[in-house]
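When a ligand or atom number is given, it counts from 1 through the structure's own listing order.
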Amino acid sequence: MRLLLFGAPGVGKGTQAKLLSAKFNIPHISTGDILRQAVKDETELGKKAQEIMSRGDLVPDDIMIGIIKYRLGKSDCKTGFILDGFPRTTNQAVELDKLLQEMSIDDIKLINIYADEEEIVKRLSSRRACKKCDHIFSLSEIEHSKTCPDCKAKDSFYLREDDKEEVIRKRLEVFRKSTEPVLNYYKKQGKVISINGIGSVAEVNKELLKILYE
Ligand code: AMP
């Protein structure tokens, strides 16, 4: 199975990608996670990406395409993969198509998760990340505890720079301008499956699996 999880920031792509990755035993490749790790490790890539990401802008296409080429070339991607956060521009989509053609892959599907923008702003500004394991939680999941449910780190929750309201609004604007056209690119190829992202994680996942099995 080869899926592209598509949607505005905060719509739940990462959460659903993790569940699908565990269910189908295929890697979850989040370009946002790759960049955040590079920032943490203070690599050359991280140094370039940090400021761009905290502004809510997009990292240049050539860098992102290089990252994806390298990652999809790894052996764990042979049986399938889930891309989360890539492609984010039509140029990235065109380059991904070329790469998949070279890899003789023609069975990708784009899962378009959609939601109301104000709902997204609410969701993103009320989520917190763990400094140690980077996992994300809603405030309601962690309100009674200062311990990360996943890695057990204490007092490790923080509001990501790019989850601050003014940056969220910028990210949504970038999504509308640069990323939404990607949807039409794949619609023309008949590869889009759309799903409503409003609902509990379990509800959206159930709907997603139903569609994938159809
Ligand atoms: P995400 O966690 O997917 O919301 O990504 C966080 C940030 O990483 C984005 O706001 C961008 O700055 C950057 N980023 C992630 N994926 C891409 C991509 N495919 N193209 C350009 N920038 C990206």
Once you restrict to heavy atoms under 4.0 Å, what part of Met53 touches ligand 1? Side chain, backbone, both or neither.
both

Tell me: protein heavy atom nearest atom 10 (O) of ligand 1, and distance?
Arg171 NE, 3.9 Å

Taking both backbone and side-chain atoms of Ser30, is any N or O found less than 3.5 Å from an N or O belonging to ligand 1?
no

Ligand 1 N/O within reach of Gly85 N/O, cut-off under 3.5 Å:
yes

Is it the case that atom CG in Asn25 sees more than 12 heavy atoms from other parts of the structure closer than 6.0 Å?
no

Would a 4.5 Å heavy-atom cut-off, applied to side chains only, mark Arg160 and Ile168 as touching?
no

Run the salt bridge (charged side-chain N to carboxylate O under 4.0 Å, His left out) test on Glu118 and Arg169 for me, step by step, so that the C-alpha distance in whole Å, both residues' side-chain angles and the decisive distance to 0.1 Å come before the verdict.
CA-CA 10 Å; Glu118 288 312 310; Arg169 301 235 176 242; 3.1 Å; yes

Provide, to 0.1 Å, the distance between atom 11 (C) of ligand 1 and the closest protein heavy atom, together with that atom's residue and name.
Asp57 O, 3.4 Å

Between Phe175 and Phe6, is the gap from one ring center to the other below 6.0 Å?
yes

Under 3.5 Å donor-acceptor, Lys13 side chain and Gly10 backbone:
no

Test of proximity, Asp33 against ligand 1: N or O pairs below 3.5 Å:
no

Which bit of Leu35 is near ligand 1, meaning a heavy atom under 4.0 Å away: side chain, backbone, both or neither?
side chain

Could you check Ile65, Ile67, Ile29, Leu4 and say which one makes a side-chain contact (heavy atoms from CB on, under 4.5 Å) with Phe86?
Ile65

Between ligand 1 and Val59, is the shortest N or O to N or O distance under 3.5 Å?
yes

So is there a nitrogen or oxygen of Asp84 less than 3.5 Å from a nitrogen or oxygen in ligand 1?
no

Protein heavy-atom partner closest to atom 6 (C) of ligand 1 - residue, atom, separation in Å
Arg36 NH1, 3.5 Å

Between Gln101 and Asp97, do the side chains contain a donor N or O and an acceptor N or O under 3.5 Å apart?
no

One pair to check against salt bridge (charged side-chain N to carboxylate O under 4.0 Å, His left out): Arg55 and Asp57. What are the steps and the verdict?
CA-CA 6 Å; Arg55 278 201 312 261; Asp57 274 325; 2.8 Å; yes

Report the nearest protein non-hydrogen atom to atom 3 (O) of ligand 1: residue, atom name, distance rounded to 0.1 Å.
Arg88 NH1, 3.1 Å

Which protein heavy atom lies closest to atom 16 (N) of ligand 1, and at what distance to 0.1 Å?
Thr31 OG1, 2.8 Å

If you draw a 6.0 Å radius around NZ in Lys40, do more than 12 non-hydrogen atoms from other residues or ligands fall strictly inside?
yes

Numbered atoms of ligand 1 (with element) below 4.0 Å of Met64, judged on heavy atoms
16 (N), 17 (C), 18 (C), 19 (N), 20 (N), 21 (C)

Determine whether the side chain, the backbone, both or neither of Gln92 has a heavy atom under 4.0 Å from any heavy atom of ligand 1.
side chain

